[in-house]
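Reading through the C-alpha cells given below for one structure.
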Amino acid sequence: MDYNPREIEQKWKKYWEENEVYKVSNLSDRPKYYVLDMFPYPSGSGLHVGHPLGYIASDIFARYKRLTGFNVLHPMGYDSFGLPAEQYAIQTGIHPAISTEKNIQRYREQLENLGFSFDWSREVRTSDPSFYKWTQWIFMQLYQHYYDNDAGKALPVSQLAERFATKGNSGLNAVCDEDTPSLAAAEWNAMSEAQQQLFLLKYRLTFPEESYVNWCPALGTVLSNDEVKDGVSERGGFPVERKLMKQWSMRITAYADRLLFGLDEIDWPESLKEQQRNWIGRSQGASVRFALEENPATKIEVFTTRVDTIYGVTFMCLAPEHDLVEQITKPEQKEAVKQYIKWTASRSEVERMAEVKQVTGEFTGSYCINPFNGEKVPIYIADYVLAGYGTGAVMAVPSGDQRDWNFAKHFGLPIVPILDAQKNMDQAADDTKEGRYINSGIINGMVYEEAIPTLIKWLEERGLGKGKVQYRMRNAVFSRQRYWGEPVPAYWKDGVPYLIDESELPLLLPPVDKYLPTETGEPPLGRAENWKYKGKYEYELSTMPGWAGSSWYWYRYMDPGNTEAFAGPEAIQYWQAVDLYVGGSEHAVGHLLYSRFWNHFLYDLGLAPEREYAKKLINQGMIQGVIEFIHLEKSEGKQKRFVSADLLDQYPDTEWAMIPVHVDFVSEYGKDHSYLNRNGIDQFREWRPDFREATFITNAEGKLVTKSEVGKMSKRYFNVVNPDDVVARYGADCFRMYEMFLGPIEQAKPWDTQGIDGVSKFLRRFWGLFFNKQGAFEVSEEQPSKEELKVLHAAIKKVREDIERFNFNTCVSAFMIASNDLKKVNCNKKAILEQLVILIAPFAPHVAEELWHRLGNPGSVHRDAGYPEFNPEFLKQDAIKYPIAINGKTRATVDFPVDATKEELEKAALELEAVQKYIDGKTIRKVIVVPKRMINIVVG
RNA sequence: GCGGGUGUGGCGGAAUUGGUAGACGCGCUAGACUUAGGAUCUAGUGCCGCAAGGCGUGGGGGUUCGAGUCCCUCCACCCGCACCA
C-alpha cells in the first residue's frame, strides 16, 4: 500500500480534534514546560513558507517535551489590532473587526493544515474585548504607579500623594519629568485638585505630555521611534515629520537599568541582546556646569563620558536649537547666527545624515568659564550637536574627539593634548585612555581610573556638577490617532486626565461612520456619537499602539477565560515564565523590549512570577526566495526592449532596469541559465499589459535568459511559495521535515522546491519498512538483532541530543540514516520500528500516528507513548575502526579489538603491510596512539 | 566608524571535547526496469591527474604528532547602531 499523506493527515487531524489530544490542563503532577511562538498579526495575504519555520520548530520541541514527561503549554493566538486592517477599512468601509475575523480564519486554516499541537481552546485575540479589558486594566495600573528609585520598584501614586501632603517632594528619589520643581508640603496642600493631578502626572508611569513626536501624515498618526526606519514609517514607507503634540507616554526610562542588566540573566541570541543594549544606550559620565563669562549666574550644562578630558576643552558647542543661543549671541554675530539656524532648520534628516563629514558652525561671540582652570572658552553653535541628546551642549575636546578635532581645525581653534600617550595630534584626534595626564591641573600625573573619581568629587563638593548616567532611550509614545486599537480608559475634565472606574472595563471601541480623522483633525474616535464618559466628559480619543496587547499576552494563554484577572494567580504560579520563545529577530527592540518592560512592572506589583518572562529565545532565520529579473533597456520614450541576459555584452553602453518576473513563468527557475521561453514571454506580456508592445531580444535558442538572485520572499518579487500548495502535493509531514532539513533554524536559507523530493522519498521508504512485497502491512515479532538495535539506538541518541540543542536539521538526517540502514538489512521487526515511530512523531506527527495505530496501539502516539530511551549498551562494539595515519595523513583503516591496549595497537599497526609500505627505510620518530580514536605514526 | 554574526564541493548543509573533512539530501554522470518518465532501483560524484600521487574548510602566518575546530593577522559578505558627547 502506497504512502498517501492526504488521506492519513485528514484522518488524524480530525481524530486529534475530536479526542482533544492537545488539550492542556493547568492541573497536572507533571513538570510544566511553556513553549511560545511570537504572536502573529493575521495579515490578509496569509502565510508563505517562511512563516511556519519557527512554528514547526517550536511544535517539534513541544511534542518532544510532552513525550518526555512534561505538561506542555503550546498556545497560539493573534495580535489582531493593527494598521493594515484599518487601512483596508478606510479604502472599503468594511469594519476592521470583519476583515480581521476573515483573515484569522484563513490563518487558522493554514496553521491547522500543518499539524501543529496547539491547544486551540486557549486561542486569544488582542482585539477581543475580553482580552483588551486586561490591556486597559494594566494601563490603569501603570497610571496609578510611579517608580521609586530607593525602593527599586514601582509604588502606588496614592502613597506619593500622601507623602507630598506631609513632606513635599524633598528627599524623594523617584523617576519623574526633567522639569519637576521641588515642592513643599504647604505648596501641595494649597493646590487645587486639578493642580495636584497635573503635578502627579510628572511621576506616573503613563502620562499625557506635550512633546515632539514622529508624525506620519499619510497614516494620520504618530509613531514610536522603533516604528520609524531611516526617516520613513516602517509600515508603508511614508515620510515622517517632527511635530509637537499632546501624547500619552510610557515612562520606560524608569526601567532602563533593569532592562539593560536583565539581559545578562536570559539566554537570548547575542545579537538581539546587543540591539537592546544599543537601544537603551546607557552611558556613564558626569554633568558639568560652565558659567557664562558675563553672567556667571547662568550656566551651560554639559554631559560628558570623558570628564577626564576637561582640561582639554578649547571651545563649547551648543545645538542650534539650544535655549541660551538667543541670549548669548552678540550683536555682531546676530545675523550670521540667524542665517545658520535658518539653514540648519531647512535641512532634512536625510540631508544632515548625508553630509556628516562637512564641518559647519557659527561663533556666538560669547564665552563661558571652565570651572576647573577658570579659562575662557568660546561658545559656538553647530549642528553636529543634537538638541535631543543630553543637554544639547558639548564641551569640545579636540585632542580626544574626532568631531571636535575637525571643528577646531576648520575654525582654527587650539588643540591641547591632555595625556602623554596621545600621538599624532596634528593628524587626528586620539581618544586613548592610556598614559598619564598633562596640562590637566588637579589630575596631572594620574591615570584614567584615578582621574575620574577625583574630578567628580571636586565637582560635587563645589556643586558644579555630578556623576551621572544617561540613556539614549526615550520614553515611549503610547497613543495612536487611529481607530483599530484599544481605547485608552481615560477621560478629560478641564484639561486634566482621569481614569474611568475599573468596574466599567472594558471600555468598548465605539462604532464610527468613517475610519478617518474628524474635520477638526481629531482621531477617528472623535466621530463616535454620544461617546462621553458619564454622558458629559470627553474620552481620550487616541487608541493604544500595536505593542500594547503583545506586551503581556503570554499570561492570557495560561488562563484565557478568566473574568476576574488577566490570569489567575494559580495559573500563573503553575506556568511561571516562558521556557522557550521562538520568533523573528525583527522584534528585537519593539515587542521584545516593551514586553520586558511591562513584565518588570507586573513583577513589581507581585502579579508576575519572574522578572524576565522568557528564559530562552531563539530567532528563526528567514526563508529566502529566488527572485527572477529580466533586463529592460533604460531609455526615454523609445520602444521598450528586453534583452536576454547572455547578450548584454553586445550592448556595452546601455543601462538596464531590472524588472522582476513572476517565477511561475520562468523555465528552470533558480538556476544560472534560467530563462523565459516563448510561452513564458507571452505569459509575461499577458501579466504586464504595460509591456505588451515591448520587444524581446532572445538568444539563438529563442530564450530570454533571466537573472536569478536569492532574496526576500515577497509579493513584490512574485516569488511567494504558499505552504498549502506544498502540503497538497507532498503532505504536511514532508513539509515540516523539509523545512527543518534545510539547515540550522536560526540561519537564513533559500527555499528550493526541488530539494523536497529527498524528504518525500525518505518518508515513502520509511513507510515501506512496514509493508511486505505484496504491499500489505506486515511487521515481525522476532527479536531484533544486535545490528538492528545499534541502528535504533544510534538514532535515539542523535535525535534526543540534537532536539535538546535545537539542531532539528541533523535529526532529519538521523532518521534518513536509520531508515536506510534498516532497509539494507530488510528489518521489519516491531521492536525496532515501533520505537522509531515514536522517535519521529514530533517531526512527522500524522504518519507516526497512522503507523502507531497500525502497530496495534490505542489512543494517540502523541499523548500515550513515552519517548524512546537511549541505552548505550547497544552501541558497544567488539572492534573499532582505527584510522592509521603516517605523518598526519590517513593511509589505512583497520579494525582492532575494542579493549586493545596502547602497546598492542602500536605493535599491530606497525606490522601492517599498508603501513610498512610508507615507513620502509625511514626512521620511526614517534607513534601516537589514542585508544578508541586513531593511530598516527611519525616518520622522518 | 562602532558592535554582533557568517565564510566548508555545483547547491542546502554535517563534523558535539583538537583525532578518517564533506554525514544526510539536492543536482549531476552511468546503468537497470519501462510504451513513457519530472517514477523507481543500482553504482559513482571535493579538486587536479591516465595513474602513482598531490592539493583542499575565505587569504597569510603560528601552536601541535595531528587544526574546519586553538592563537595572530588580513579579506569578503550579512545584520544592527551611527555626528550619542
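Quick note: numbers below take in every heavy atom, side chains included, and nothing from hydrogens, waters or symmetry partners. Chain identifiers are assigned alphabetically (A, B, ...) following the order of the sequence lines, protein sequences preceding nucleic acid strands; residue numbering begins at 1 within each chain.
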Exercise. Nearest whole angstrom, please: distance from the P of B:G80 to the CE of A:Met622.
Key: 10 Å
Exercise. Could you check A:Leu272 against A:Arg403 and say which one's nearest nucleotide on RNA chain B is further toward the 5' end?
Key: A:Leu272
Quiz item: Is the number of heavy atoms from other residues, nucleotides or ligands under 6.0 Å of A:Asn679 CG greater than 12?
Solution: yes
Quiz item: When we call it a touch if two heavy atoms are under 4.0 Å apart, what does A:Lys797 touch: a base, just sugar-phosphate, or nothing?
Solution: nothing
Quiz item: Knowing that exactly one of A:Ile300, A:Val394, A:Val385, A:Asp323 qualifies, which makes a side-chain contact (heavy atoms from CB on, under 4.5 Å) with A:Leu318?
Solution: A:Ile300
Practice problem: Pick base, sugar-phosphate or nothing for A:Ala748, based on heavy-atom distances below 4.0 Å to the nucleic acid. | Solution: sugar-phosphate
Quiz item: Using a distance-only test with no angle check, is there a side-chain donor-acceptor pair under 3.5 angstrom linking A:Gln276 and A:Arg596?
Solution: yes
Quiz item: If you check the A:Arg764 side chain, which of B:U40, B:C83, B:G19 turns out closest?
Solution: B:U40
Quiz prompt | With sequence neighbours excluded, residues passing salt bridge (Lys or Arg N to Asp or Glu O under 4.0 Å) with A:Lys273 | solution = none
Exercise. Have a look at A:Arg765 and say if it touches a base, only the backbone sugar-phosphate, or nothing, with a 4.0 Å heavy-atom cut-off.
Key: sugar-phosphate
Exercise. Round to the nearest Å and state the distance from A:Gln470 atom CD to B:A85 atom P.
Key: 9 Å
Practice problem: Could you give the distance separating B:G13 and B:U63 at their C1' atoms, to the nearest angstrom? | Solution: 30 Å
Quiz prompt | Between A:Tyr380 and A:Phe407, ring centroids under 6.0 Å | solution = yes
Quiz item: Are A:Asp264 and A:Arg277 close enough, and set up right, to give a salt bridge (charged side-chain N to carboxylate O under 4.0 Å, His left out), and what steps lead you there?
Solution: CA-CA 11 Å; A:Asp264 299 333; A:Arg277 287 189 191 111; 3.4 Å; yes
Exercise. Whole angstrom is fine here: how far is it from CE in A:Met737 over to P in B:C24?
Key: 16 Å
Exercise. Assign each of A:Lys749 and A:Gly755 to its nearest nucleotide of RNA chain B by heavy atoms, then name whichever residue's nucleotide is nearer the 5' end.
Key: A:Lys749
Quiz prompt | Distance flag, aromatic centroids of A:Tyr730 and A:Tyr738, threshold under 6.0 Å | solution = no
Exercise. Determine the contact category for A:Lys273: base if any of its heavy atoms lies under 4.0 Å from a base atom, sugar-phosphate if only primed atoms, P, OP1 or OP2 are that close, otherwise nothing.
Key: nothing
Self-check item: Glycosidic class, syn or anti, of B:G53 using a 90° window around 0
Solution: anti
Exercise. Ignoring backbone atoms, test whether A:Lys761 places a side-chain nitrogen or oxygen under 4.0 Å from the OP1 or OP2 oxygen of B:C26.
Key: yes
Quiz item: When the P atoms of B:U20 and B:C70 are considered, how many whole Å apart are they?
Solution: 16 Å
Exercise. Nearest 0.5 Å please: distance from the CZ atom of A:Phe411 over to the CD atom of A:Glu362.
Key: 6.5 Å
Quiz prompt | Phosphate contact (B:C81 OP1 or OP2) by A:Gln275 side-chain N/O below 4.0 Å | solution = no
Exercise. Could you check whether A:Asn936 gets within reach of a base, just the sugar-phosphate, or nothing at all, counting any heavy atom under 4.0 Å?
Key: base
Practice problem: Take atom C1' in B:U6 and the same atom in B:G12, then report the distance between them in whole Å. | Solution: 15 Å
Quiz item: Is A:Ile928 touching bases, backbone alone, or none of the nucleic acid, heavy atoms closer than 4.0 Å?
Solution: base
Practice problem: Quote, to the nearest angstrom, the C1' distance that separates B:A39 from B:C33. | Solution: 11 Å
Quiz item: A:Arg277 near the nucleic acid: base, sugar-phosphate alone, or nothing, with a heavy-atom cut-off under 4.0 Å?
Solution: nothing
Self-check item: For atom CZ of A:Phe762 and atom P of B:G12, their distance in whole Å
Solution: 23 Å
Practice problem: Measure the distance from CG on A:Asn809 to C1' on B:C24 and round it to the nearest whole Å. | Solution: 10 Å
Self-check item: Rounded distance in Å between the C1' positions of B:G19 and B:G25
Solution: 27 Å
Quiz prompt | Closest nucleotide among B:C26, B:U16, B:A85 to the A:Glu801 side chain | solution = B:U16
Exercise. Kindly say if A:Lys926 contacts the phosphate of B:C65, meaning a side-chain N or O under 4.0 Å from OP1 or OP2.
Key: yes
Practice problem: Classify the side-chain pair A:Tyr384/A:Asn406 by whether it contains a donor and acceptor separated by less than 3.5 Å. | Solution: no
Practice problem: Measure from the side chain of A:Thr810, starting at C-beta and using heavy atoms only, and say which of B:A14, B:G25, B:G13 lies closest. | Solution: B:A14
Quiz item: Between B:C24, B:C65, B:C84, which nucleotide gets closest to the side-chain atoms of A:Arg472?
Solution: B:C84
Quiz prompt | Given B:U40, B:A85, B:C24, the nucleotide with the shortest approach to the side chain of A:Asn820 | solution = B:C24
Quiz item: Hey, does A:Arg933 reach any base, or is it just sugar-phosphate, or nothing, if we go heavy atoms under 4.0 Å?
Solution: sugar-phosphate
Quiz item: Using the ring of each side chain (for Trp, its six-membered ring), is A:Phe843 parallel, tilted or perpendicular to A:Phe808, with breaks at 30° and 60°?
Solution: perpendicular
Quiz item: Considering only side-chain heavy atoms of A:Leu386, which listed nucleotide, B:G19, B:A85, B:A23, is closest?
Solution: B:A85
Quiz item: Reckon A:Met816 touches a base, only the sugar-phosphate, or nothing at all at heavy-atom distances under 4.0 Å?
Solution: sugar-phosphate
Quiz item: What's the CG-C1' distance between A:Asp430 and B:G1, to the nearest Å?
Solution: 15 Å
Quiz prompt | Nucleotide B:C11, atom C1' - distance to CD of A:Gln747 in whole Å | solution = 14 Å
Quiz item: From B:G3, B:A85, B:G19, pick the nucleotide closest to the side chain of A:Val930?
Solution: B:G19
Quiz item: Between B:G4, B:C84, B:G19, which nucleotide gets closest to the side-chain atoms of A:Ser271?
Solution: B:G4
Quiz prompt | B:G27 to B:G46 separation - C1' atoms, rounded to the nearest Å | solution = 15 Å
Exercise. For B:C79 and B:A30, measure between their C1' atoms and round to the nearest Å.
Key: 45 Å
Quiz prompt | Side-chain donor-acceptor contact under 3.5 Å, A:Thr360 with A:Tyr340 | solution = yes
Quiz item: Between B:G12, B:A14, B:A85, which nucleotide gets closest to the side-chain atoms of A:Pro744?
Solution: B:A14
Practice problem: Name the nucleic acid region contacted by A:Asn807, choosing base, sugar-phosphate or nothing; use a 4.0 angstrom heavy-atom cut-off, strictly under. | Solution: nothing
Quiz item: Quick one: which of B:G19, B:G27, B:C83 gets closest to the side chain of A:Asp757?
Solution: B:G27
Exercise. For RNA chain B, write out the stems as range with range, using runs of 3 or more consecutive Watson-Crick or G-U pairs with both distances under 3.5 Å.
Key: B:1-7 with B:75-81, B:10-12 with B:24-26, B:27-32 with B:40-45, B:46-48 with B:53-55, B:58-62 with B:70-74
Quiz item: Quantified in whole Å, what is the P atom distance between nucleotide B:U64 and nucleotide B:U69?
Solution: 16 Å
Quiz item: Between A:Leu763 (CG) and B:G25 (C1'), how many Å, whole number?
Solution: 13 Å
